[in-house]
> 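Take this structure, written in structure tokens, and hold onto it; I'll ask about it next.
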Number of protein chains: 2
Amino acid sequence: MDPKETLKAHILKTATLTDKEFDYLFSYFKLQSFKKGQAIISEGDRVDHEYFVISGCLKAFFINDEIKMYILQFAMPTWWTSDYGALYNHTRATISVDCISDAEVLCLSNDDREKICSEIHQAEHFFRWRTNRGYLASQKRLLSFMNNDTKARYEELLAMYPQLYNLVPKHLIAAYLGVSRETLSRLYNAQK
Amino acid sequence: MDPKETLKAHILKTATLTDKEFDYLFSYFKLQSFKKGQAIISEGDRVDHEYFVISGCLKAFFINDEIKMYILQFAMPTWWTSDYGALYNHTRATISVDCISDAEVLCLSNDDREKICSEIHQAEHFFRWRTNRGYLASQKRLLSFMNNDTKARYEELLAMYPQLYNLVPKHLIAAYLGVSRETLSRLYNAQK
DNA sequence: TGGAGAATGTGATGTACATCACCTAAGCCC
DNA sequence: GGGCTTAGGTGATGTACATCACATTCTCCA
């Protein structure tokens, strides 16, 4: 899993870039490694990077009342994550990101992204497409929230990302589904 | 509320276009008028346009089991709407759009948008920004769903769009909040 | 390797909401 | 303007889930 080749394959699915253009674009990314449990963005931080996952698994989450955690996204290889609200609006982080397992990520600063987008039309095209995917996924999840009960959402999640079942502790799956860990436990232990 | 000037002001907030470029871009939009109650997109339709609201109010909604309706978005002037999933993936509509009041909209086809985006870098920039806004709004709403109870979400909605209170029947507000009309009724009639 | 913290299971109880049933009042249309 | 449709209110009842409390098992690192 070469970081550069991983990103290249990912971008070229959507945009048409010459090798030279891609090399230029790639020069703005920095590779970073994190250990399991390590924080990448913490609530209150200044946020100026977004992250492209090369290996491992991150979570982007929100903590309410200093008590309850809600997971917005599990970020797996070739996924992007950050606190995009804070990133675009230049506000402090309300969403945190940390590592569920050891992870390697490519970092890109907000300023550099905007610079690349203004210099390379196809890069702007790529980022439009990427945001669009995120928007559709978010809308789909919102509908699923309104429309399905917890059990259906749990099965939907595991059908879509079977790896999660072994990779992620159950209380984090509950935090993604928006239910208590007790409820989730009872759900899949009800034998019938 | 001149349609052309409305769109122009909207786009120029984000992108830098010459008058000539804007005129060219605008030539791809078609103005359409609809009556209260009229459908713009119905479930099962082929979807190839998106809509920019000039006047009036639309709703984008999903109907489950032929019974329950969930509202994804109220679309007011200068908002964009469509079934974007169907539009981008060239599938049949699962989300419908219709008119809560008489409305005027500017229509843009998916093909024309992509053409404009590839021809005018700043147009691509605009549409990236626009999608980004939608993504952030959708994520915020998702968090609100997980984190807040119905009453808090109701107050949040009215604080953000006070016009809705008079413009939109209560059972549609309930369908946006994802609760039954009875529950919503009891909520704000509880005197305490 | 043993002990502490993390992850998970399970019972008892409370509550926010859905659902069904029925009622009233306000548009709207020939 | 009389009847019909749509919007909205309210009671009774059921249910999915939260919460609290406690027990058990796993994991990992000093």
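Here the structure is a predicted model, which means the values were calculated and not measured. Each chain gets a letter, A, B and so on, in the order the sequences are listed, and its residues count up from 1.
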> Would you indicate, yes or no, if D/dG9 has its OP1 or OP2 atom less than 4.0 angstrom from a side-chain nitrogen or oxygen of B/Y188?
yes
> Measure up the A/F62 and A/Y70 rings against each other and bin them: parallel (under 30°), tilted (30 to 60°), perpendicular (over 60°).
parallel
> Between D/dG8, C/dA7, D/dG9, which nucleotide gets closest to the side-chain atoms of B/N189?
D/dG9
> Is the positively charged end of A/R130 above the ring of B/Y135, judged by distance under 6.0 angstrom from the centroid and angle within 45° of the axis?
no
> Calculate the interatomic distance between A/I100 atom CD1 and C/dA7 atom C1'; express it in whole Å.
14 Å
> Do the ring centers of B/W79 and B/Y161 come within less than 6.0 Å of each other?
yes
> Using a 4.0 Å cut-off on protein heavy atoms (strictly under), produce a 5'-to-3' string for nucleotides 15-23 of chain C with B for base contact, S for backbone-only sugar-phosphate contact, and - for none.
--SSBBB--
> C/dA6 phosphate, OP1 or OP2: any side-chain N/O from A/H171 under 4.0 angstrom?
no
> Between C/dT8 atom C1' and A/I173 atom CD1, what is the distance in whole Å?
13 Å
> Does the Lys NZ or Arg CZ of B/R113 fall within the cation-pi geometry relative to B/Y28 - under 6.0 Å from the ring centre and within 45° of the axis?
no
> Would you confirm whether the ring centroid of A/F126 sits within less than 6.0 angstrom of the ring centroid of A/H10?
yes
> Under 6.0 Å from the six-membered ring centre of A/F61 and within 45° of its axis: does the NZ or CZ of A/K59 meet both?
yes
